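Please read all numbers here as calculations on a predicted model, not as lab measurements. Note that the numbering runs from 1 along the sequence shown for the chain.
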Amino acid sequence: QVQLVESGGGLVQAGGSLRLSCVASGRTFRTYTMGWFRQAPGKEREFVAVINWTGGNTYYADSVKGRFTISRDNAKNTLALQMNSLKLEDTAVYYCAASQRGYFSGSYYDTESRYDYWGQGTQVTVSS
């Protein structure tokens, strides 16, 4: 069982930055693949980024590549998403997710069905 709690969302102007955090509690967090998804009003939930259990491999959606960076600190049971050069279209509720699957290759984790646990989300609003 894993519980995930996101924080760090807020209101930011276009071009600005935010850093989201996800704190995990429970067992075996260290071995979980971790991802970020987002959902804008009226839209389906969308993949953002994923990181393997060691932190050595990452994969990003094309829409955020070069602007967002996913990272993790297993010693602190935390996952982070550094978001730079924010755009209006980045406005969404951002969700942290954990997968018990150890396999990591390409875009395998860009779909919701790969994940077992989800946080409640944190709102990010980008204004002009």
- Message: As an exercise, state the distance from CG of L4 to OH of Y32, rounded to the nearest 0.5 Å.
- Response: 9.0 Å
- Mind checking what makes side chain to side chain contact (heavy atoms under 4.5 Å, CB included) contact with K43, not counting sequence neighbours? A40
- Message: Are S7 and V23 packed together at the side-chain level, in the sense that at least one heavy-atom pair is separated by less than 4.5 angstrom?
- Response: no
- Pairs flagged by salt bridge (charged side-chain N to carboxylate O under 4.0 Å, His left out) wherever residues 116-128 is involved - sequence neighbours left out: R101-D116
- Message: What's the separation between atom CG in N57 and atom CD1 in I51, rounded to the nearest 0.5 Å?
- Response: 8.5 Å
- Donor-acceptor contact present, side-chain Y95 to main-chain Q39, <3.5 Å: no
- Item | Sequence-distant partners of E6, salt bridge (Lys or Arg N to Asp or Glu O under 4.0 Å), two or more places apart | none
- Query: Has E89 got more than 12 heavy atoms of other residues, nucleotides or ligands less than 6.0 Å from its CD?
  - Reply: yes
- Message: Tell me the closest heavy-atom pair linking S71 and L79, and the distance in Å.
- Response: O-CD1, 3.3 Å
- Item | S63 side chain reached by R38 side chain, heavy atoms, under 4.5 Å | yes
- Message: Between Y59 and Y108, is there a side-chain heavy-atom distance shorter than 4.5 Å?
- Response: no
- Calculate, to the nearest 0.5 Å, the distance between atoms CD and OG1 belonging to Q100 and T33 respectively. 10.5 Å
- Message: If I take atom CE from residue M34 and atom CG from residue N52, how far apart are they, to the nearest 0.5 angstrom?
- Response: 12.0 Å
- Could you list the residues that satisfy side chain to side chain contact (heavy atoms under 4.5 Å, CB included) with Q1, not counting sequence neighbours? Q3, Y117
- Across all chains, not counting sequence neighbours, the side-chain hydrogen bond (donor to acceptor under 3.5 Å, both in side chains) partners of T58 are none
- Note on the structure: Of all heavy-atom pairs linking V50 and Y109, the shortest is CG2-CB, 3.7 Å
- Query: If you round to the nearest 0.5 Å, how far is CG of L18 from OG1 of T122?
  - Reply: 9.0 Å
- For S17 and S85, which heavy atoms make the closest approach, and how far apart are they? OG-N, 4.3 Å
- With sequence neighbours excluded, residues passing ring-ring contact (aromatic ring centres under 6.0 Å, His included) with Y94: none
- Value for CD (Q13) from OG1 (T125), rounded to nearest 0.5 Å, stands at 13.0 Å
- Task: Show your working on side-chain contact (heavy atoms from CB on, under 4.5 Å) between F68 and W36 and close with a plain yes or no.
- Result: CA-CA 11 Å; F68 291 11; W36 287 98; over 6 Å; no
- Item | Smallest separation among heavy atoms of G35 and Y115, with atom names | N-CE2, 3.8 Å
- Query: Excluding sequence neighbours, so at least two apart, what forms side chain to side chain contact (heavy atoms under 4.5 Å, CB included) with V126?
  - Reply: V12, A14, L86, L88, D90, T91, V124
- Task: Taking the six-membered ring for Trp and the full ring for Phe, Tyr or His, determine whether the centres of W53 and F104 are under 6.0 Å apart.
- Result: no
- Would you mind listing every disulfide bond (SG atoms under 2.5 Å apart) that reaches into residues 34-85, with sequence neighbours excluded? none
- Message: Checking T111 now: which residues fulfil side chain to side chain contact (heavy atoms under 4.5 Å, CB included) with it, not counting sequence neighbours?
- Response: S113, R114
- Message: Going by disulfide bond (SG atoms under 2.5 Å apart), name the pairs with one or both residues in residues 32-77, residues two or more places apart or in two chains.
- Response: none
- How would you list, by chain and number, every residue that makes a side-chain hydrogen bond (donor to acceptor under 3.5 Å, both in side chains) with Q120, sequence neighbours excluded? none
- Item | Listed once per pair and sorted, the disulfide bond (SG atoms under 2.5 Å apart) pairs that draw on residues 32-104, sequence neighbours left out | C22-C96
